[in-house]
Visitor: 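Take this structure first; my questions come after.
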Amino acid sequence: MTSGSWNESVWQMVARIPHGRVASYGQIAHMLGAPRKARHVGYALAAAPEGRDIPWQRVINGRGMISFPSDSHQHRLQKAMLLEEGLQFDAKGRIDFRLFGWQP
DNA sequence: CTCTTGACCCGAA
DNA sequence: CTTCGGGCCAAGA
C-alpha cells in the first residue's frame with residue numbers, strides 16, 4: 001500500500017463518521033486493517049486538503065479525549081465544533097464512547 | 001545509515 | 001480511578 005492511498009483511505013473512512021458521533025484514531029486504523037498505525041491516522045488528517053470536507057473533529061484518542069494540548073488553539077476549535085454537534089464532555093474533558101462512539 | 005519526532009495505544013502498578 | 005513505561009511506524013533531519 002502506498003503512502004498516498006493510506007491517506008486517501010483514512011479520509012474516506014473518517015468521512016463516514018455520522019454527525020454527532022466520534023471514533024478513535026486506533027479504531028480507524030483497526031478498521032483499515034492496520035491496527036498498529038493509530039498515530040498515522042492523525043498524520044493523515046493533518047495532511048487533509050481544505051476543500052475535502054473531512055470531519056476530522058470527530059476523531060479523538062482512545063481515552064475519549066481530544067489529542068491536542070488543552071491550551072492550544074486547535075483544541076479549542078475541535079471542542080467547539082464537537083459541542084456544536086451536540087456531544088457532551090464530562091468534567092475532565094472526556095467523551096463517553098458508549099454514548100457517542102461510532103459503531104458501524 | 002542513525003536519531004528524533006509525534007492529532008496514538010495498552011498493559012502494569 | 002491514575003500514572004508510567006514500552007511499543008509502534010512513517011517522515012524528515
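Chain A is the first sequence line, chain B the second, and so forth, proteins listed ahead of strands; every chain is numbered from 1. Computed from a prediction, not measured in an experiment: that's the story for all the values here.
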Visitor: R39(A) side chain N/O closer than 4.0 Å to the phosphate oxygens (OP1, OP2) of dG6(B)?
Guide: no
Visitor: dA7(B), OP1 or OP2 - any side-chain N/O from R63(A) closer than 4.0 Å?
Guide: no
Visitor: For atom NE2 of H30(A), is the number of surrounding heavy atoms from other residues, nucleotides or ligands below 6.0 Å larger than 12?
Guide: no
Visitor: Does a side-chain N or O from K92(A) land closer than 4.0 Å to OP1 or OP2 of dT2(C), or not?
Guide: yes
Visitor: Rounded to the nearest angstrom, tell me the gap between atom CG in L32(A) and atom P in dC8(C).
Guide: 20 Å
Visitor: Looking only at side chains, do Q78(A) and Q74(A) share a donor and an acceptor under 3.5 Å apart?
Guide: no
Visitor: Expressed in angstrom and rounded to an integer, what is the separation of K37(A) atom NZ from dC9(B) atom C1'?
Guide: 16 Å
Visitor: Base, sugar-phosphate or nothing for R94(A)? Non-hydrogen atoms, less than 4.0 Å.
Guide: sugar-phosphate
Visitor: Identify which nucleotide among dC8(C), dG6(B), dA7(B) has an atom closest to any side-chain atom of H40(A), counting heavy atoms from C-beta outward.
Guide: dG6(B)
Visitor: Nearest to the side chain of Y25(A), which nucleotide is it out of dA10(C), dC8(C), dC8(B)?
Guide: dC8(B)
Visitor: Going by the side-chain hydrogen bond (donor to acceptor under 3.5 Å, both in side chains) test, name the single residue among R21(A), R58(A), H19(A) that passes it with E85(A).
Guide: R58(A)
Visitor: Between dG6(B), dA7(B), dC8(B), which nucleotide has the shortest distance from any of its atoms to the side chain of A38(A)?
Guide: dC8(B)
Visitor: Assess whether atom CZ of R36(A) is packed by more than 12 heavy atoms of other residues, nucleotides or ligands within 6.0 Å.
Guide: no
